[in-house]
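These notes concern the structure reproduced below.
From a predicted model like this one, the values you see are computed outputs, not experimental measurements. All values below were derived from every heavy atom in this structure, side-chain atoms included, with hydrogens, water molecules and symmetry-related copies excluded.
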Amino acid sequence: MDHRLIRKLRPRLLAWLRRSRSGRVLFMKRFPYKDIKRATDGFQSIMYTTSNIAAYKARFQDGGVVLIKEMRDYDQGKDAFYREVQLLGRLHHRHLLALKGLSTGHRRLLVFDNIERGSLKEHLTDPIRTPLDWKTRLQIVIGVVAALEYLLLFNEPPMYHVSISSSSIMLDENFNAKLSDVGLQSSGENYVTVPHTSCAKDCTGQECGNIMFQLGVLILELITGQSSDDRAADLVQWIREYRFCSSIHKMLDPDLGNSYDSRELKSLLAVAKLCVRYGDKPKISILQVLRYLHKKIESPHD
């Protein structure tokens, strides 16, 4: 197509996109409320909750296992809900849980894609579940960081409203990590705003600092097998200790046995320590973390 024609059509296309951010939701499947209620066992299959989100595991009659999110406390009415739907519908990444549809009957519900393996937390804490091997844990970290790179660096404006925890990271049938707590109301916030551009592109502002801290805690969960719900402060305190290396063998998840690579373990611990060290003023960016992991973990060992 001629570049002059593209430049001519671009303002009209952008205007159409801005108008579509609220109001009627286009090209989105509608799920009957009764089907969702049945699939979630009467909304009893809770995966995680925040102050304004409840997430449920749902199994529909076709056998597929998906995630249902109930959006609560939308004081701004349906427009705010539809704006959330439009936002999530535009996000496409292999490590983000894809939006499949919605229901606006008795409750405001969003239907997301396959979570066949459940949450990461279930695999770390449930003794009945098959333990995650070292390679799978590494790929989960890399997948989460890749999703953050997409949200923070390849969206305009960047998407800072994301929460990272083992409870809200879902796994598909191949154990690929999927971030599920992303949107205008994620991370326990009780208001709705349009994503803004207060962080620099290298992602070193306060919002990014919070995300980096959560990433560091997640890495510690994967290494130790301990839930951050109960011991986040203990895990952070341990990694911040001057001689923490001498106690690594005591902190490792027993399910790993001797199947981990000590070089890769040290690389992950180095990332975790940098992520939690500086609070809301991170000294390392998501892009730097991703490059470091590719270099230290996915490249051939020296």
Side-chain angles (χ1 to χ4, degrees), residues 39-41 45-50 53-60 62-69 88 91-101 110-151 162-183 186-187 211 214-229 232 235 252-257 259-260 264 268 271-272 286 289-290 293 297-298:
T40 58
D41 192 22
S45 304
I46 299 174
M47 298 293 288
Y48 64 89
T49 61
T50 69
I53 292 173
Y56 308 92
K57 179 184 291 186
R59 185 180 293 276
F60 287 100
D62 63 4
V65 181
V66 303
L67 188 77
I68 306 291
K69 285 173 66 174
L88 295 175
L91 299 178
H92 297 285
H93 191 276
R94 68 187 300 262
H95 292 293
L96 291 178
L97 207 58
L99 182 64
K100 294 181 61 176
L110 301 178
V111 181
F112 289 84
D113 212 348
N114 173 24
I115 58 164
E116 189 66 37
R117 300 286 183 176
S119 71
L120 173 58
K121 181 179 179 180
E122 290 174 310
H123 287 272
L124 292 177
T125 61
D126 188 344
I128 299 178
R129 298 269 185 170
T130 302
L132 299 174
D133 61 27
W134 179 248
K135 181 180 179 181
T136 300
R137 298 184 197 215
L138 290 179
Q139 292 308 311
I140 287 173
V141 173
I142 292 173
V144 169
V145 175
L148 291 176
E149 179 197 35
Y150 168 78
L151 292 169
V162 52
S163 179
I164 309 165
S165 72
S166 58
S167 297
S168 61
I169 292 175
M170 302 297 151
L171 303 175
D172 67 12
E173 67 275 10
N174 296 316
F175 291 96
N176 292 309
K178 307 279 186 175
L179 299 190
S180 72
D181 195 1
V182 176
S186 67
S187 306
I211 292 173
Q214 293 179 60
L215 175 61
V217 173
L218 176 70
I219 293 173
L220 294 178
E221 284 189 80
L222 285 164
I223 290 173
T224 66
Q226 300 179 26
S227 172
S228 65
D229 293 346
L235 293 175
L252 278 178
D253 187 350
D255 287 336
L256 286 171
S259 64
Y260 63 91
E264 294 171 341
L268 272 191
V271 171
I286 289 294
V289 170
L290 190 60
L293 291 175
I297 292 176
E298 296 198 327

Assess whether side chain to side chain contact (heavy atoms under 4.5 Å, CB included) is satisfied between Lys178 and Asp113, documenting all intermediate values.
CA-CA 10 Å; Lys178 307 279 186 175; Asp113 212 348; over 6 Å; no

For Tyr48 and Ser180, run side-chain hydrogen bond (donor to acceptor under 3.5 Å, both in side chains): C-alpha distance rounded to whole Å, both residues' side-chain angles, the deciding distance at 0.1 Å, then the answer. CA-CA 11 Å; Tyr48 64 89; Ser180 72; 2.9 Å; yes

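- Partner of Leu171 under the side-chain contact (heavy atoms from CB on, under 4.5 Å) criterion, chosen from Asn176, Ile115, Ile140: Ile140.
- Put simply, CD on Glu122 and CD1 on Ile128 are 11.0 Å apart, with the number rounded to the nearest 0.5 Å.
- Paired with Thr125 under the rule side-chain contact (heavy atoms from CB on, under 4.5 Å), one option of Arg129, His123, Lys121 passes, and it is Lys121.
- Note that OG1 of Thr136 and CZ of Arg117 are 10.0 Å apart. Values are rounded to the nearest 0.5 Å.
- Closest approach of Ala177 to Val144, counting heavy atoms only: CB-CG2, 4.2 Å.
- Annotation for Leu290 and Ile142: closest pair CD1-O, 4.2 Å, computed over non-hydrogen atoms.
- Contact check for Asp181 versus Thr50: side-chain heavy atoms found under the 4.5 Å cut-off.
- Applying the side-chain contact (heavy atoms from CB on, under 4.5 Å) criterion to Asp62, with sequence neighbours excluded, gives Phe60.
- In this structure, Ile223 CD1 and Leu268 CG are separated by 5.0 Å, a value rounded to the nearest 0.5 Å.
- To the nearest 0.5 Å, atoms CG (Leu132) and CZ (Arg137) are separated by 5.5 Å.
- Residues that satisfy the salt bridge (charged side-chain N to carboxylate O under 4.0 Å, His left out) test with Arg59, not counting sequence neighbours, are absent from this structure.
- Under the 3.5 Å distance criterion, the side-chain polar atoms of Asp253 are left unmatched by any main-chain donor or acceptor of Leu256.
- To the nearest 0.5 angstrom, Ile211 atom CD1 is 6.5 Å from Leu148 atom CG.
- Of all heavy-atom pairs between Ser166 and Glu221, the closest is OG-OE1, 2.8 Å.
- The NZ atom of Lys69 sits 8.5 Å away from the CG atom of Leu97 when rounded to the nearest 0.5 Å.
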(Q) Go through it in stages, so that I can follow the logic: the residues are Leu151 and Ile286, the test is side chain to side chain contact (heavy atoms under 4.5 Å, CB included), and I'd like the CA-CA distance, side-chain angles, deciding distance and then a yes or no. (A) CA-CA 10 Å; Leu151 292 169; Ile286 289 294; over 6 Å; no

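- Counting heavy atoms from C-beta outward, Met170 and Phe112 have side chains that stay 4.5 Å or more apart.
- Here the closest heavy-atom approach between residue Ser167 and residue Ser119 is recorded as O-CB, 3.7 Å.
- Residues Leu179 and Ile169 form a side-chain contact, since some pair of their non-hydrogen atoms from C-beta on lies under 4.5 Å apart.
- Residues satisfying the side-chain contact (heavy atoms from CB on, under 4.5 Å) test with Ala272, not counting sequence neighbours, are Ile219, Leu220.
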Exercise. Before giving the answer on side chain to side chain contact (heavy atoms under 4.5 Å, CB included), spell out for Ser165 and Gln214 the whole-Å C-alpha distance, their side-chain angles and the decisive distance to 0.1 Å.
Key: CA-CA 7 Å; Ser165 72; Gln214 293 179 60; 5.7 Å; no

task: Please assess Phe175 against Gln139 for the test side chain to side chain contact (heavy atoms under 4.5 Å, CB included), listing each intermediate value before the final yes or no.
output: CA-CA 9 Å; Phe175 291 96; Gln139 292 308 311; over 6 Å; no

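- A distance-only check finds a donor-acceptor pair linking the side chain of Tyr150 to the backbone of His92 [under 3.5 Å].
- The backbone N or O of Leu67 sits nowhere less than 3.5 Å from a side-chain atom of Lys57 that would complete a donor-acceptor pair.
- A donor-acceptor contact shorter than 3.5 Å is absent between the side chain of Glu173 and the backbone of Glu116.
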